[in-house]
Amino acid sequence: MRAKESIITLNEQDLDFKYEIQKEPGGEGIMHCFACGGCTARCPVREIDEQYNPRKIIRMALLGLKEEVFRSEFVWLCSSHSRCAGRCPQEVTIGAIASACRNMAMREGYSNLSVNQGPKSSKAIKSNELDPGFKYEIQKEPGGESITHCFACGTCTASCPEMEKDNKYDPRRFIRKILLGMREEAFTDGFMWRCSTHYACNERCPQGVKISELMNVIRNIAMRGGYAPPK
Ligand code: SF4
Ligand code: SF4
Ligand code: SF4
């Protein structure tokens, strides 16, 4: 049985939410979804952890569950790499819809990619604070080339001993911050200093992301920018 506080009542539905998404660049196709689940079967994020489910997110959006969509971590994790799009019989571009929801969520003060910064936190990131060139800066450095291959599956996270000790140390979230252009958030993430670059995750990454090399590159850039490891 659902916990009482998680029960949704009809008057909490925002029936205009789907139209707002439809008006947002990237969100145009949302009304074509007929909930077959083809995207979910193809999504690498879902493959590792069932709680992340693109079909459910789209259904929640169509049902007007705005708050639930904005609070969902999935819209921040979806890498918009479109592996699912080829499977959609309705030609829905789920990655673009996730981006549209992310932009809308940021405008309303939600940010859900950091354990310390929950939805509607005063520290929530704003879209004009994102640095879209950040990932390319890392990619140019020897060892940083593979960063854009990450499709956020979470295999590294599932195999990371730091994550086992404390779930705020999370390689996938850390890489997502960089790919989304959250420079300050990445440089102040304790995981950056914590990662021991011992290669356990490198061997498992289905995308061949060289996570250990990447971590050294990012740490060097951070130090050049005046960031230092915590004492
Ligand atoms: S594959 Fe397309 S139609 Fe099917 S659930 Fe996903 S978005 Fe909807
Ligand atoms: S674009 Fe997003 S929803 Fe689609 S497969 Fe990739 S991560 Fe999953
Ligand atoms: S770095 Fe590799 S294992 Fe980690 S989330 Fe990205 S694609 Fe998955």
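Read the numbers this way: they start at 1 and go in the same order the structure lists the ligands and their atoms.
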### Message
With a 3.5 Å distance limit and no angle check, can you tell me whether Arg46 reaches the backbone of Tyr52 through a side-chain donor-acceptor pair?
### Response
no
### Message
Taking 4.0 Å as the limit for heavy-atom contacts, which would you say applies to Ala152 with ligand 3: side chain only, backbone only, both, or neither?
### Response
backbone
### Query
Under the 3.5 angstrom rule, does the side chain of Asp131 hit a backbone N or O of Arg183 as a donor-acceptor pair?
no
### Residue Thr155 vicinity, atoms of ligand 3 by number, heavy atom under 4.0 Å
3 (S)
### Message
At under 4.0 Å between heavy atoms, is it the side chain or the backbone of Ala98 that contacts ligand 2, or both, or neither?
### Response
neither
### Message
Between Lys66 and Glu20, is the salt bridge (Lys or Arg N to Asp or Glu O under 4.0 Å) condition met? List the steps.
### Response
CA-CA 10 Å; Lys66 183 173 180 170; Glu20 283 171 32; 3.2 Å; yes
### Task
Give the atoms of ligand 3, by number and element, whose distance to some non-hydrogen atom of Ile211 is under 4.0 Å.
1 (S)
### Message
Starting from atom 2 (Fe) of ligand 2, what is the nearest protein heavy atom, named by residue and atom, and what distance separates them?
### Response
Cys78 SG, 2.3 Å
### Task
Under 4.0 Å from a heavy atom of Pro54: give me the atoms of ligand 2 that qualify, with their elements.
3 (S)
### Message
Keeping to distances under 2.8 Å, can you name the protein N/O/S atoms close to atom 2 (Fe) of ligand 1?
### Response
Cys88 SG
### Ligand-residue contact atoms, ligand 3 with Ile175, heavy atoms, under 4.0 Å
1 (S)
#### Entry: Numbering as shown, the atoms of ligand 3 that approach Gln207 to under 4.0 Å (heavy-atom distance)
7 (S)
### Task
Take every heavy atom of Pro171, measure it against each atom of ligand 3, and state whether any distance is under 4.0 Å.
no
### Task
Would you mind checking if Glu24 and Arg107 are paired as a salt bridge, meaning a charged N to carboxylate O distance below 4.0 Å?
yes
### Task
Determine, stepwise, if the pair Glu47 / Arg83 fulfils salt bridge (Lys or Arg N to Asp or Glu O under 4.0 Å).
CA-CA 13 Å; Glu47 259 167 42; Arg83 193 185 192 203; 3.5 Å; yes
### Query
Looking only at heavy atoms of Phe74, does any of them come nearer than 4.0 Å to an atom of ligand 2?
yes
### Query
Does Pro44 come within less than 4.0 angstrom of ligand 2, counting non-hydrogen atoms of the residue?
yes
### Query
Is the side chain of Arg194 donor-acceptor paired with the backbone N or O of Glu162 at a distance under 3.5 Å, no angle test?
no
### Summary
Quick note, ring-ring contact (aromatic ring centres under 6.0 Å, His included) partners involving residues 7-44, not counting sequence neighbours, are Phe17-Phe70
### Nearest protein heavy atom with distance in Å, relative to atom 1 (S) of ligand 2
Ser82 N, 3.4 Å
### Query
Looking only at atom types and distance, does a side-chain atom of Arg55 sit under 3.5 Å from a main-chain N or O of Cys39, one as donor and one as acceptor?
no
### Query
Hey, which atoms in ligand 3 end up nearer than 4.0 Å to a heavy atom of Cys153?
3 (S), 5 (S), 7 (S), 8 (Fe)
### Task
Evaluate the salt bridge (Lys or Arg N to Asp or Glu O under 4.0 Å) criterion for residues Glu185 and Arg173: first the C-alpha distance (whole Å), next the side-chain angles of each, then the deciding distance (0.1 Å), finally the verdict.
CA-CA 11 Å; Glu185 288 249 316; Arg173 274 206 197 113; over 6 Å; no
### Task
Give the single entry among Cys201, Gly154, Pro206 that approaches atom 5 (S) of ligand 3 most closely by any heavy atom.
Gly154
### Task
Apply salt bridge (Lys or Arg N to Asp or Glu O under 4.0 Å) to the pair Lys210 and Glu145, showing each step before the final yes or no.
CA-CA 8 Å; Lys210 307 260 181 296; Glu145 299 86 349; over 6 Å; no
### Per-atom contacts of ligand 1 with Gly37, taking only distances under 4.0 Å to non-hydrogen atoms
4 (Fe), 5 (S)
### Message
Within this structure, what is the OG1-CD distance for the pair Thr40 and Glu50, rounded to the nearest 0.5 Å?
### Response
10.5 Å
#### Entry: Top protein contact for atom 6 (Fe) of ligand 2, by heavy-atom distance
His81 CE1, 2.2 Å
### Query
Out of curiosity, does Leu65 fall in the hydrophobic cluster containing Met31 (side-chain heavy atoms, cut-off under 4.5 Å, transitive links)?
yes
### Heavy atom of the protein closest to atom 8 (Fe) of ligand 2 (residue, atom name, distance)
Cys43 SG, 2.4 Å
### Task
Group every Ile, Leu, Val, Met, Phe, Trp and Tyr by side-chain heavy-atom contacts under 4.5 Å, then state whether Phe74 and Ile30 land in the same group.
yes
### Message
Tell me whether Arg59 at atom CZ has more than 12 heavy atoms from other residues, nucleotides or ligands lying less than 6.0 Å away.
### Response
no
### Query
Does Ser80 have a heavy atom less than 4.0 Å from any atom of ligand 2?
yes
### Heavy-atom nearest neighbour in the protein, as seen from atom 3 (S) of ligand 3, with distance rounded to 0.1 Å
Cys156 N, 3.3 Å
### Task
Measure the spacing between CZ of Phe187 and CH2 of Trp193 and express it to the nearest 0.5 Å.
9.0 Å
